[in-house]
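Since the structure comes first, as structure tokens, the remarks are kept for the end.
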Protein chains: 2
Amino acid sequence: MPPAGARKLAPEPSLRRLPVYLRLLTRLDAEGTRTVSCTAIGRELGLDFTQVRKDLSCTGIVGTPRVGYRVDELIAAIQRFLGWHRRTDALLVGAGNLGRALLAYEGFAQYALRIVAAFDIDPSLVGTEVAGRPVRHLDDLPDIAESSGALVGILTVPAGQAQSVTYTMVLSGIRAVWNFTGARLEVPRGVLVEDVDLGASLAVLTNRLEQASTC
Amino acid sequence: MPPAGARKLAPEPSLRRLPVYLRLLTRLDAEGTRTVSCTAIGRELGLDFTQVRKDLSCTGIVGTPRVGYRVDELIAAIQRFLGWHRRTDALLVGAGNLGRALLAYEGFAQYALRIVAAFDIDPSLVGTEVAGRPVRHLDDLPDIAESSGALVGILTVPAGQAQSVTYTMVLSGIRAVWNFTGARLEVPRGVLVEDVDLGASLAVLTNRLEQASTC
DNA sequence: TAGATTGTTAATCGATTAACAATC
DNA sequence: TAGATTGTTAATCGATTAACAATC
């Protein structure tokens, strides 16, 4: 038996669904709904209700038979479990098109993610501001990483520079890399990498489209 | 037994890895490497070689025992299988920060994806150009969808408008929606949806970070 | 030839789905 | 109370990994 209070290790697919629940719950909360059942959530989102229950149980939430879960408690439990109950500070490297779009994106607030500064090596970008955040030279990253205590690095550089920038980040105390470059990153044990690979996503779309049109 | 020439239905995880192989193969090709084995690919990418072989076999590629695969054939087979051997035209709706970043992103060329026009309802955006592509009013979408024959719709509007814009797209002949909004979309049977959910990705990152720091 | 590699079939592993007792 | 729902345990399903014969 695991010790009392032991955190459950959530499967990645469950983790990825939690923000979907959170969005629905926030809407329900705004509409004044006080309690909700897995059945109702599943119906709304097109998911199996028993999968919803298993996903939610990861967060440690306890419900009431015949009633369901309190919406406010559920929101708090998911946010707590995802670490979205307190602010996460991030540094962004690569102030090109995608990097600037992420800097300007207001939606990160709902994930309690704050990009404190951006970095680049392009002289025409260094010294500018994007959405109120300074673009500094990459050489300043170690100092600002230390002074800000940021643990997350957002990587939006060209794929060819991804690995070398990752080394710089890790040496500066970054513990988790959110990788938008499509490159495979090597990191020391204990450092996390999460890939957002547009090519992988598009591959699913265009393959299925191809299959559909040639069958 | 399936009929000769029958396409294999590729599992989604395999499809998502194919672009990773393609990137490596393109580099090898540029370096002058003529043949490659699953063992070598797996070593390079940190993947099980038997998984690599299974993934590649989806594309219909045939290798030579003791030698491996021809790099140029493999590249062609993957591109063909993903539908990246010929251009895919797309319309983008939502010319905000993310939409404009995708319009300006040159990397889509490697996926043979071309965004032919963008759409918005903001009068200050309509009539402008982003990276050489016009931003038109959403009302013009049906006409341009028909004249361009575009089958892919890229959705970068606020989540609240996602469903209604999706209806417009589908009614205009769009067969596949690349959804960056985080909303769950309802579509008729036969229409494809592929989600890029930044919240889901970030959830994995911040949960693991939280677990690591409190254990 | 010997041995590395392909192609395929079987075993394992993990996530999803189903079953069911407990409970308000 | 009756019945809907939770929480948990078992069964199913699909993807990954392992095993092995065929082959150049």
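Every chain is numbered from 1 and lettered A, B, ... according to where its sequence line falls, protein lines coming before strand lines. All heavy atoms count here, side chains included; hydrogens, waters and symmetry mates do not.
The CZ atom of B/Arg66 sits 18 Å away from the C1' atom of C/dG7 (whole-angstrom rounding). When rounded to the nearest whole Å, the span between CG of B/Asp55 and P of D/dA15 equals 11 Å. Between the CD atom of B/Gln51 and the P atom of C/dT6 there is a distance of 15 Å, given to the nearest Å. Between the P atom of D/dT12 and the CG atom of A/Asp48 lies a distance of 16 Å, rounded to the nearest Å. As a whole-Å value, the separation of A/Leu47 CG from C/dT16 C1' is 11 Å. Summarising the geometry, the separation between CG on B/Leu9 and P on D/dC13 is reported as 17 Å, rounded to the nearest angstrom. Distance CZ (A/Phe49) to P (D/dT6): 9 Å, rounded to an integer number of Å. Separating the CD1 atom of B/Ile61 from the P atom of C/dG7 is a distance of 9 Å, rounded to the nearest angstrom.
A distance-only check finds a donor-acceptor pair linking the side chain of B/Ser37 to the backbone of B/Ala40 [under 3.5 Å]. In this structure, B/Gln163 contributes its side chain and B/Glu186 its backbone to a donor-acceptor pair below 3.5 Å. In this structure, A/Arg80 contributes its side chain and A/His85 its backbone to no donor-acceptor pair below 3.5 Å.
On a pure distance criterion of 3.5 Å, a polar donor-acceptor pair joins the side chain of B/Lys54 and the base of C/dT9.
Residue A/Tyr69 is in sugar-phosphate contact alone, with no base atom involved, counting any heavy-atom pair closer than 4.0 Å across all strands shown. In this structure, A/Ser37 reaches the sugar-phosphate backbone alone: every heavy-atom distance under 4.0 Å involves primed, P, OP1 or OP2 atoms, never a base. Within the nucleic acid shown, B/Thr64 comes within 4.0 Å of sugar-phosphate atoms alone, with no base atom in reach, counting heavy atoms only.
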For DNA chain D, just give me the dot-bracket, please: Watson-Crick or G-U, both distances below 3.5 Å, ( ) intra-strand, [ ] crossing earlier pairs, | paired with another strand, . unpaired. ..||||||||||||||||||||||

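Both A/Pro13 and B/Gly63 lie near DNA chain C, and the one whose nearest nucleotide falls closer to the 5' end is B/Gly63.
Contact annotation: A/Arg53 reaches the phosphate of D/dT6 (side-chain N/O to OP1 or OP2, under 4.0 Å). Contact check, B/Arg17 against D/dT16: a side-chain N or O comes under 4.0 Å of OP1 or OP2.
Here the two rings, on A/Trp178 and A/Phe108, have centers that are under 6.0 Å apart.
Between A/Phe81 and B/Gln211, some side-chain heavy-atom pair lies under the 4.5 Å cut-off.
Distance from the side chain of A/Cys38 is smallest to D/dT6 among D/dT16, D/dG7, D/dT6.
Remark: of the listed residues B/Arg23, B/Arg17, B/Arg16, B/Arg23 is the sole one forming a side-chain hydrogen bond (donor to acceptor under 3.5 Å, both in side chains) with A/Asp197.
No hydrogens or angles considered: a donor-acceptor pair under 3.5 Å links the side chains of A/Asn179 and A/Thr181.
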